[in-house]
Amino acid sequence: MSVLLSLFLKLSAFSLIAFGGVNALLPSLLKLSVYQEQWIDLQTFADYFAIAQAAPGPNFMTVTLIGWHVYGVLGALIATFAIAWPSSILVYHLQRLILGMKDVQKKKSIQYAAAALAIGLVLSSAWQIALQINHSYAAYVLTIVTIGVTVLTRWHPLYLIALGAALGMIGVI
Amino acid sequence: MKTLTPTELFISFSKIGMSGFGGVLPWARRTLVEQDKVLSSEEFSAILGICQIVPGPNIVNLAVCIGSRFAGARGALAAVLGLTLGPICIVMLLAILYTHYSDLESVQGILRGISAVGVGLIASTGIKMLRDELRFPLMLLVVLVTVIAASYYQLGLGWVVLIASPLAWVLAQKKARKL
């Protein structure tokens with residue numbers, strides 16, 4: 001039972017500092033769940049990350065899977081609820097305030113500042129997660145190819161995910 | 001303005017949740033603006049802007065904002081439930097399969113391949129967002145400080161935000177005056 005409580009409390013706190021969305025949070029989530037709380041080992045974390053990427057739906061499902069790993073269906077539901085409720089309540093109350101803001105300069109400033117923070121967090125998240133879960137040069141090459149293709153073309157991400165799966169299956173990665 | 005009941009919100013957001021691979025935000029726009037036409041493109045962008053500055057899962061924030069706009073707190077709840085219930089079921093089914101087959105060499109390979117692509121997808125989201133910053137390159141300093149604090153010094157997320165936000169705020173005010 002105490003593991004459910006700590007799952008709930010730790011992830012609720014995460015919700016309020018997850019600037020840039022849950023992807024920006026991944027390295028902290030990894031540190032917490034693998035090294036501090038030892039809910040899960042590194043390999044399983046990496047695998048759950050992959051499953052969440054491959055499944056339809058929001059990409060915060062890595063959190064759902066960690067909850068599942070810790071305490072089955074109840075754990076999955078509690079983890080998902082915990083990552084969502086504090087920020088939901090915050091945005092519920094903030095949206096009218098920000099949308100109704102008369103001072104255009106101030107409104108823009110808030111958006112620009114938050115955007116810059118989010119970019120930094122997302123980029124460092126990708127970097128740190130890559131260091132943890134890419135174990136071969138081939139994996140880094142695939143990551144870099146993915147970046148190139150997504151930035152330069154309009155390919156659907158699903159093709160890249162399928163490509164990654166295929167390369168992994170034949171043992172290249 | 002079009003009205004939506006909590007049930008309709010639940011259905012719309014179920015469609016959104018179940019259709020997105022590699023993130024659902026683009027699907028949210030497609031469903032709400034292009035297909036169901038419940039929001040104009042400008043309204044959608046304004047709401048999305050708010051959801052991205054507030055912490056937490058952006059897509060859940062979006063469901064809360066849009067749900068509450070059409071049907072108050074009950075609408076927000078309906079939208080969030082629609083968005084999450086289907087994907088949670090699917091992901092748990094996959095987790096069950098995983099516990100049975102994770103020992104297979106081919107399954108491990110597939111997951112390694114998908115992870116490598118997944119990291120690339122996250123990085124490219126960041127790089128695409130970076131393009132907007134080039135209109136006011138000084139802002140890249142904030143990105144740099146954030147990356148150094150988070151990746152090189154490995155500080156926790158809360159510290160990184162605390163350290164980078166004063167600089168972000170000062171530069172953002174400059175940028176808002178200039179553009």
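As a basis for the values below, the full set of heavy atoms in this structure was taken, side chains included, without hydrogen atoms, waters or symmetry mates. All of these numbers come straight from a predicted model, not from anything done at the bench. Chain identifiers are assigned alphabetically (A, B, ...) following the order of the sequence lines, protein sequences preceding nucleic acid strands; residue numbering begins at 1 within each chain.
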Side chain, backbone, both or neither: which part of B:Leu155 has an atom under 4.5 Å from a heavy atom of chain A?
backbone
Could you look at B:Leu83 and say if it's the side chain, the backbone, both or neither that has a heavy atom under 4.5 Å from chain A?
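Contact with chain A is through both the backbone and side chain of B:Leu83.
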Does A:Gly168 offer a backbone N or O that forms a donor-acceptor pair with the side chain of B:Arg112 under 3.5 Å?
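No, because the side chain of B:Arg112 does not come within donor-acceptor range (under 3.5 Å) of the backbone of A:Gly168.
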Contact origin within [X] toward chain B - heavy atom pairs under 4.5 Å:
{"X": "A:Thr64", "answer": "side chain"}
{"X": "A:Ser136", "answer": "neither"}
{"X": "A:Val73", "answer": "both"}

Do we see a donor-acceptor contact under 3.5 Å between the side chains of A:Gln53 and B:Ser115?
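No, no side-chain donor-acceptor pair sits under 3.5 Å.
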So which residues of residues 98-108 of chain B are in contact with chain A at a heavy-atom cut-off of under 4.5 Å?
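When heavy atoms of chain A are the reference, residues 98-108 of chain B contributes B:Tyr98, B:Ser106 within the under-4.5 Å range.
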Indicate the atoms forming the closest heavy-atom contact of A:Gly120 with B:Val147, along with that distance.
O-CG2, 3.6 Å
Where do B:Ala172 and A:Ser109 come nearest, in terms of heavy atoms and distance?
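Closest heavy-atom pair between B:Ala172 and A:Ser109: CB-O, 3.1 Å.
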Could you give me the CA-CA distance, side-chain angles and deciding distance for B:Val119 and A:Tyr140, then say whether side-chain contact (heavy atoms from CB on, under 4.5 Å) is met?
CA-CA 9 Å; B:Val119 176; A:Tyr140 279 101; over 6 Å; no
Among A:Gly164, A:Ala166, A:Gly171, which has the most heavy-atom pairs under 4.5 Å with chain B?
A:Gly164
Report the C-alpha separation of B:Ile122 and A:Ile129 in whole Å, then their side-chain angles, then the decisive distance to 0.1 Å, and conclude whether the side-chain contact (heavy atoms from CB on, under 4.5 Å) test is met.
CA-CA 10 Å; B:Ile122 295 176; A:Ile129 286 292; 5.8 Å; no
